[in-house]
Every structure is written in structure tokens, then in C-alpha cells.
Amino acid sequence: NKVIDIQDISKVYQVGTQTVHALRSITLEIKKNEYVALMGPSGSGKSTLMNILGCLDTPTTGSYQLSGQDVSKMEDNQLATIRNKEIGFVFQTFNLMPRYTALENVALPLIYAGKKKEERDARGAEVLTMVDLANRMDHKPNELSGGQRQRVAVARALVNHPSIILADEPTGNLDTKTSHEIMGLFEEIHSNGNTIILVTHEEDIAQHAHRIVRLRDGLIESDEVNENPIKAT
Ligand code: ADP
Ligand code: ADP
């Protein structure tokens with residue numbers, strides 16, 4: 001039941017005559033229903049690793065199996081298909097479509113998945129209810145508070161039943177109280193059986209996760225179970 005199986009990957013960028021080793025030798029295995037925080041100082045390789053985890057990019061060397069499929073050598077169009085199916089993204093800046101309602105935003109991944117309108121609306125309503133926004137389905141993003149926008153984004157990430165939720169600094173634009181609320185929501189979706197990878201540089205956000213992986217200079221510096229995760233709810 002390994003969802004993520006990364007073996008000895010590296011990522012090398014060539015910038016003019018300069019070679020940058022963004023990831024040097026990363027081995028990382030994540031099982032279904034784990035809740036992992038990925039931490040590290042600026043420049044340590046978090047974004048590079050997240051882009052690879054999220055099938056936005058491929059490693060220079062090494063292998064990456066996502067839900068049993070080798071994605072490390074795939075072409076962009078194959079990666080896009082896998083990404084839509086397997087990964088639910090949550091971003092710091094929400095990335096919602098401003099002209100679409102909450103329901104339309106949440107149902108968007110289902111259009112790419114080829115689902116009919118009736119099914120899209122039903123599933124969209126279901127996930128919005130899950131994040132406690134049943135009464136905000138027809139609101140557009142600018143008619144919602146920051147925390148509500150992020151809950152719409154979490155609902156959108158869940159709509160396709162992805163193998164992993166990949167959240168990149170999901171509380172970075174939220175105040176302390178609202179951040180706490182969103183961390184409570186992650187707790188809830190984790191207890192519903194979802195696999196969560198949370199990229200953050202904030203120690204108190206990372207402490208909500210049940211496992212903390214720390215990167216430094218393109219290497220995993222530590223990978224530890226968090227015995228006492230912070231409870232938001
Ligand atoms: P973090 O997200 O932890 O700040 P990054 O993964 O963005 O770290 O960067 C790791 C290293 O790789 C840095 O030294 C950065 O300058 C370099 N890097 C990242 N992306 C690129 C790129 N597209 N081209 C060249 N170098 C890059
Ligand atoms: P916060 O508690 O984060 O300050 P707001 O004051 O922005 O939230 O919003 C309070 C409520 O009013 C929210 O439930 C939101 O859905 C609703 N709301 C906010 N702005 C608008 C708007 N422009 N049109 C309609 N409803 C709105």
C-alpha cells in the first residue's frame with residue numbers, strides 16, 4: 001500500500017555554465033493515509049521535490065512510482081493525465097477561477113475527467129458540504145472569506161478521489177485563527193482516509209502532521225514520526 005515510492009532521485013538544473021544540484025539523492029516512501037509535512041529552509045529543494053511529487057516535473061535520475069505507476073520518465077501529456085487523476089492540489093493563493101461559483105470551481109476537475117453535468121454537480125455539492133460550505137455553493141471567490149476560499153480549494157482537491165492531497169503552504173495567506181480552522185479540516189480529511197503531503201516552512205503548521213521530513217541542501221536531513229501531533233479540533 002505504498003502510494004509514493006521514490007528511490008534515489010536527483011534533480012539537476014543547468015543554468016548557462018552553472019550546474020545546480022537541487023535534489024541530490026532522495027529516497028522517500030509514503031503509505032496510504034499517511035499525513036506528512038515536508039519542511040526545509042529556502043533553497044533546500046522543497047519546491048523541486050513537490051513538483052516531482054505532483055507530476056509537474058520529472059527527476060533527472062532515479063525512479064518514482066505513484067500508485068504503482070512509474071511516472072519518472074513520462075512525457076508531459078501522460079503526466080498531465082496522471083496528475084488529474086491522482087493528485088489534489090491546494091495552494092497558498094487558492095488558485096480559484098474568479099468568474100466561477102464555488103460549485104463550478106469544485107466541479108472543474110470533473111469536466112477534465114469527462115463526467116456529466118448531473119454527476120459533477122452532485123459530487124461538487126457533496127464535497128462542498130464536507131468542507132461545511134453547503135450554503136455558499138453559488139458564491140464567487142470574491143464573495144467568500146479567505147478561509148472559505150481555501151475550503152473551496154480543499155473541496156476541489158478532493159473531488160476526484162485523488163491518491164494524494166498535495167498542499168503547498170496552504171495557510172500562508174491566512175490569519176492564525178483561520179489557519180487553525182484549515183488545519184482542522186486537514187485533520188478531518190486525514191481521518192477520512194486521505195493521504196496528505198503538506199509543504200511548509202512554518203514549524204507550528206508542520207507539527208499538525210504525523211510525520212515530518214526535513215530537507216537541507218537537496219538531501220533528506222531527517223524523517224521522523226511526530227509522536228504528538230497538534231490537534232486543531
Ligand atoms: P525551496 O523550495 O526549498 O526554496 P527549490 O526547490 O525552489 O527550493 O530550489 C532548490 C535549488 O534549486 C535552489 O538552489 C534553486 O536556486 C535551484 N532551482 C530551483 N528551480 C530551478 C530552476 N528552474 N532552474 C535552475 N535552478 C533552480
Ligand atoms: P471574515 O470572517 O473572514 O472576515 P467576511 O467578513 O469577509 O469573513 O465574510 C463574512 C461572510 O460574508 C462570509 O460568510 C462570506 O461568505 C460573506 N461575504 C463576504 N463578502 C461577500 C460579498 N462580497 N458578497 C456576498 N457575501 C459575502
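One-based numbering, in listed order, for ligands and for the atoms of each. Computed from a predicted structure; not experimentally measured. The first residue in the sequence is number 1, and the count goes up from there.
- Between Ala209 and Asn226, the closest heavy-atom pair is O-ND2, 2.8 Å.
- Between the side chain of Asp70 and the backbone N or O of Gln65 there is no donor-acceptor pair closer than 3.5 Å.
- With hydrophobic clusters built from ILVMFWY side chains whose heavy atoms lie under 4.5 angstrom apart, Met39 does not share a cluster with Ile6.
- A donor-acceptor contact shorter than 3.5 Å is absent between the side chain of Glu118 and the backbone of Ala122.
- Under the 3.5 Å distance criterion, the side-chain polar atoms of Thr129 are matched with a main-chain donor or acceptor of Ala125.
- Near ligand 1, heavy-atom contacts under 4.0 Å come from Tyr13, Val15, Val20, Ala22, Pro41, Ser42, Gly43, Ser44, Gly45, Lys46, Ser47, Thr48.
- Of the possible donor and acceptor atoms, none in the side chain of Ser44 sits under 3.5 Å from a partner among the backbone N and O of Asp217.
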